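Just so it is clear, the structure is predicted and the values come from calculations on it, not from any experiment. Chain letters run A, B, ... following the sequence lines, proteins first, then strands; residues in each count from 1.
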Amino acid sequence: MHWADVMAERLGRRGPRHIVATGITPSGEFHIGHIREILTGDMIVRAAKHAGLEAELVFVVDNADPLRKVYPFLDESYSQLIGHQLGAIPAPDAEGKPDWNRFEQDGWTYGDHFLAPFLDALAQLGVRPRLLPNLQAYRSGQFASAAKYACDNPDEIREIIERVSGRELPAGWFPWQPLDAKGNLDGVKVTGYDYPLVHFVDAEGTRGSSDITKGDGKLPWRLDWPAKWGINAITCEPFGKDHGAAGGSYATGKELSVLFGHEPPEPLTYEWISLRGQGAMSSSAGNTVGPVEALQLVPPEILRFLVANTKPKKAIEFDTGMGLVKLADEFERSSGRDFESELKDEGLSRRQRVQVEDVQAAVRLSSVVDGSTTHATSSTFRHLALLAQVKHGDEEVLSAITTEDGDAKDVLLDRLRRMRTWIASSHFPDELRVVLLDEPSPDALNALSPTQQPLVAALKEALLHVTWDEQGITDAMKSVAGLDGVGMRDVYRAAYASLMGLEKGPRLAPILANCKKVEILGLLEKSANHVLQ
RNA sequence: GGGCCUGUAGCUUAGUCAGGUAGAGCGACGGACUCUUAAUCCGUCGGUCGCGGGUUCGAACCCCGUCAGGCCCGCCA
């Protein structure tokens with residue numbers, strides 16, 4: 001059974017109505033790693049609906065979290081805002097400086113700045129979660145009850161965290177982090193509690209009080225999370241493997257949640273997505289691929305397929321080169337399969353059956369619109385990559401792909417558009433680039449058989465007088481093959497060796513038709529001379 | 001130090017919860033399309049299931065140990 005269906009089944013045992021939560025801190029640019037969090041949640045929701053349950057996806061925006069440090073993409077002036085909440089400070093402008101104007105006039109915050117493009121990407125992926133900005137939840141007093149329980153019973157809370165995580169909390173630890181008069185969470189020491197006020201001394205020694213019912217502060221992360229489960233009636237939440245480890249925040253949250261009066265959500269831990277050859281993604285190292293960037297290269301269904309077709313506990317290596325071609329082609333093949341008739345085969349072993357069912361589920365979860373079927377185009381990604389380089393306009397590419405299915409045209413055009421972006425980018429693999437040689441390649445020519453070598457000169461002769469278009473070039477090739485028992489195979493071997501330095505390659509005629517006749521003939525001539533020596 | 005996850009064909013992996021002759025896809029190789037060959041179709045090859053023990057009639061799967069990689073037990077997600 002597909003992992004999403006397994007979760008749905010588990011949820012079904014728990015009850016008929018579900019809220020699946022995801023959450024991310026908008027501290028910097030979002031990357032495709034974050035996509036896994038949201039898509040995992042989205043797929044659970046879909047599977048739950050498919051199983052006849054009521055389900056909704058929510059996205060907690062953790063904009064009550066403080067700015068941790070001045071990231072490389074920020075101006076040094078952000079140092080005065082460290083410790084301030086992401087939903088309460090200005091967004092960086094083009095130079096990385098705090099944009100105070102926009103902050104004061106439109107209330108445009110740091111969190112909004114990074115969230116907006118991510119939401120666009122999600123919309124393209126067909127995911128529209130209900131947003132739950134955390135800072136606003138604090139300010140409107142939603143955390144009051146959980147915060148009161150925690151502040152009333154700090155020893156009980158402390159005991160749970162220390163026992164479950166196996167760590168010792170510092171002497172002055174208190175289950176509420178007050179905000180000082182300037183809006184800073186760092187360096188504030190709690191000195192007393194008198195509901196609803198938590199008294200404190202800030203880093204500069206100034207005294208003050210924080211009202212826990214008004215969001216003049218926040219719960220520490222380990223309490224903040226389980227409190228949110230209760231407030232929003234969360235029944236299921238996927239989270240990264242960091243939270244999932246024993247002693248981690250889910251383990252403590254599970255117990256705290258019960259104290260706050262809510263049954264902890266059904267967990268699902270997932271692995272990270274890393275970039276191929278570059279290890280884990282990190283904004284500070286600059287080795288990220290953003291969801292927006294990824295979607296410029298590849299259609300949303302394929303990104304969904306990547307997540308849907310990999311079990312959550314498997315690490316994903318995102319590869320923007322050949323790996324992307326393989327992924328896309330696998331999706332194409334899979335979505336073109338007739339699963340129903342495959343499953344009718346009585347001869348399938350249990351394992352084979354499960355395999356077919358899982359791919360079927362993955363394909364279903366990959367469609368951007370739930371319930372719609374994704375059209376398989378009759379062309380693989382690899383083939384399209386070729387056509388896009390060789391043909392000129394969109395129409396020319398389309399006419400090279402024979403499609404009987406009328407409405408697949410939009411799909412193809414959309415794919416072509418992304419393909420062109422990909423080809424123009426540095427991600428496009430050299431292996432797929434169509435490159436004609438400037439000078440003959442001795443190695444490739446020497447590798448030709450004695451029958452094939454003379455064909456280089458013969459090709460040159462044949463091409464000399466033809467009309468320089470696809471038909472003419474193809475005819476010339478055939479005429480060479482017609483000579484004493486030489487097959488088309490040999491002709492093309494000779495052509496690829498002399499023109500591209502390869503043993504085999506893409507369709508030659510369209511490529512040559514787009515090149516200058518003189519240059520091609522020149523290259524063939526030089527190659528022929530090399531062969532003679 | 002304590003704990004969790006991962007390790008199966010050249011590559012990506014299914015199967016581990018409920019033990020019953022190891023399943024796919026890609027690649028490679030071979031063939032067919034009388035034809036462009038990175039297009040399409042068919043076929044073949046390829047696995048001591050990280051390693052060592054144990055339980056069992058039977059172990060990829062359960063138990064113990066061990067190796068390798070990642071993560072948590074500070075902050076933060």
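- With sequence neighbours excluded, the residues satisfying side-chain contact (heavy atoms from CB on, under 4.5 Å) with A:A362 are A:H2, A:F305, A:A308, A:N309.
- Contact annotation for A:A509: base contact, defined as any heavy-atom pair under 4.0 Å involving a base atom.
- The CD atom of A:E317 sits 16 Å away from the P atom of B:rG69 (whole-angstrom rounding).
- Of the N and O atoms on the side chains of A:D224 and A:N134, at least one donor lies less than 3.5 Å from an acceptor on the other residue.
- Here the closest heavy-atom approach between residue A:A328 and residue A:F381 is recorded as CB-CG, 3.3 Å.
- For A:Y110, there are no side chain to side chain donor-acceptor pair (under 3.5 Å) partners, not counting sequence neighbours.
- If A:K218 and A:G244 are placed on RNA chain B by their nearest nucleotide, the residue sitting closer to the 5' end is A:G244.
- Applying the salt bridge (Lys or Arg N to Asp or Glu O under 4.0 Å) rule to A:R493 yields no partners; only residues at least two apart in sequence or on another chain are considered.
- A:K313 has no side-chain polar atom (N or O) that falls below the 4.0 Å cut-off from OP1 or OP2 of B:rC4.
- For the side chain to side chain donor-acceptor pair (under 3.5 Å) test, no residue two or more places apart in sequence or in another chain qualifies with A:W3.
- B:rC51 and B:rG65 make up a base pair, with Watson-Crick or G-U wobble contacts both under 3.5 Å.
- Residues meeting the salt bridge (Lys or Arg N to Asp or Glu O under 4.0 Å) test with A:R304, sequence neighbours left out: A:D42.
- Comparing the same atom, C1', in B:rG43 and in B:rC33 gives a spacing of 14 Å after rounding to whole Å.
- A gap of 25 Å separates the P atoms of B:rU66 and B:rA9, to the nearest Å.
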When the side chains of residues 78-86 of chain A are checked against the rest of the protein, which donor-acceptor pairs come out under 3.5 Å, sequence neighbours left out?
unit_1, atom_1, unit_2, atom_2, d
A:Y78, OH, A:P90, O, 2.8
A:Y78, OH, A:A91, O, 3.3
A:S79, OG, A:E76, O, 3.0
A:Q80, NE2, A:S77, O, 3.3
A:H84, ND1, A:K182, O, 3.4
A:H84, ND1, A:G183, O, 3.3
A:Q85, NE2, A:A64, O, 2.9

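- Here B:rU13 presents its C1' atom at 9 Å from NZ of A:K311, a figure rounded to the nearest Å.
- Straight-line distance between the P atoms of B:rC29 and B:rG10: roughly 16 Å, to the nearest whole Å.
- Within 4.0 Å of A:G323, counting heavy atoms only, lies no atom of the nucleic acid at all.
- Of the candidates B:rA38, B:rC76, B:rC72, the closest approach to any side-chain atom of A:A245 belongs to B:rC72.
- Using a 4.0 Å cut-off, some side-chain N or O of A:Q352 falls inside it from OP1 or OP2 of B:rA24.
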Enumerate the protein-to-nucleotides 17-22 of chain B contacts in which both atoms are nitrogen or oxygen and the separation is below 3.5 Å.
none

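- By the salt bridge (Lys or Arg N to Asp or Glu O under 4.0 Å) test, A:D5 is found to be paired with A:R364, residues two or more places apart in sequence or in another chain being considered.
- In this structure, A:L86 atom CG and B:rC76 atom P are separated by 12 Å, rounded to whole Å.
- Rounding to whole angstrom units, CG of residue A:L432 and P of B:rA38 are separated by 13 Å.
- A distance of about 23 Å separates the P atoms of B:rA24 and B:rG30, rounded to the whole Å.
- For A:D358, the salt bridge (Lys or Arg N to Asp or Glu O under 4.0 Å) test picks out no residue, with sequence neighbours left out.
- Base pairing analysis places B:rU44 opposite B:rA28; the two distances defining the Watson-Crick or G-U wobble pair are each below 3.5 Å.
- Between the CD atom of A:E330 and the P atom of B:rA24 there is a distance of 15 Å, rounded to whole Å.
- Ion pair A:R420/A:D394 flagged as a salt bridge, since at least one NZ, NE, NH1 or NH2 atom sits closer than 4.0 Å to an Asp/Glu carboxylate oxygen.
- OP1 or OP2 of B:rG7 lies within a sub-4.0 Å distance of a side-chain N or O belonging to A:K314.
- Between B:rG19 and B:rA28, the distance separating the two P atoms is 40 Å to the nearest Å.
- Backbone-only contact: A:G248 has heavy atoms under 4.0 Å from sugar-phosphate atoms and none from a base.
- When the P atom is compared between B:rG2 and B:rC57, the two are found 35 Å apart, to the nearest whole Å.
- In this structure, the NZ atom of A:K241 is 8 Å from the C1' atom of B:rC5, given to the nearest Å.
- Residues satisfying the side-chain contact (heavy atoms from CB on, under 4.5 Å) criterion with A:A462, sequence neighbours excluded, are A:A476, A:S479, A:V480.
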Review item, nucleotides 42-44 of chain B N/O atoms under 3.5 Å of protein N/O:
none

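- Screening A:K314, A:E37, A:K241 for a side chain to side chain donor-acceptor pair (under 3.5 Å) with A:Y270, the sole residue that qualifies is A:E37.
- Side-chain to base pairing of A:Q355 with B:rG23: one donor and one acceptor N or O lie within less than 3.5 Å of each other.
- When the C1' atom is used for both B:rU56 and B:rC11, the distance is 35 Å, rounded to whole Å.
- With a cut-off of 3.5 Å on both Watson-Crick or G-U wobble distances, the partner of B:rA9 is given as none.
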Pairs under 3.5 Å (N/O, protein and nucleotides 26-30 of chain B):
none

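- Shown here, B:rU16 forms no base pair; nothing in the strands shown gives a Watson-Crick or G-U wobble contact with both key distances under 3.5 Å.
- Distance from the side chain of A:R68 is smallest for B:rC75 among the nucleotides B:rC75, B:rG3, B:rA38.
- Between B:rG65 and B:rC5, the two P atoms lie 14 Å apart (nearest whole Å).
- Note: CH2 (A:W173) to C1' (B:rC75) measures 14 Å, nearest angstrom.
- The side chain of A:T474 has B:rU36 as its nearest neighbour among B:rU36, B:rC72, B:rA38.
- The separation between A:E271 atom CD and B:rC71 atom P is 9 Å, rounded to whole Å.
- For A:W272 and A:F318, the gap between ring centers reaches or exceeds 6.0 Å.
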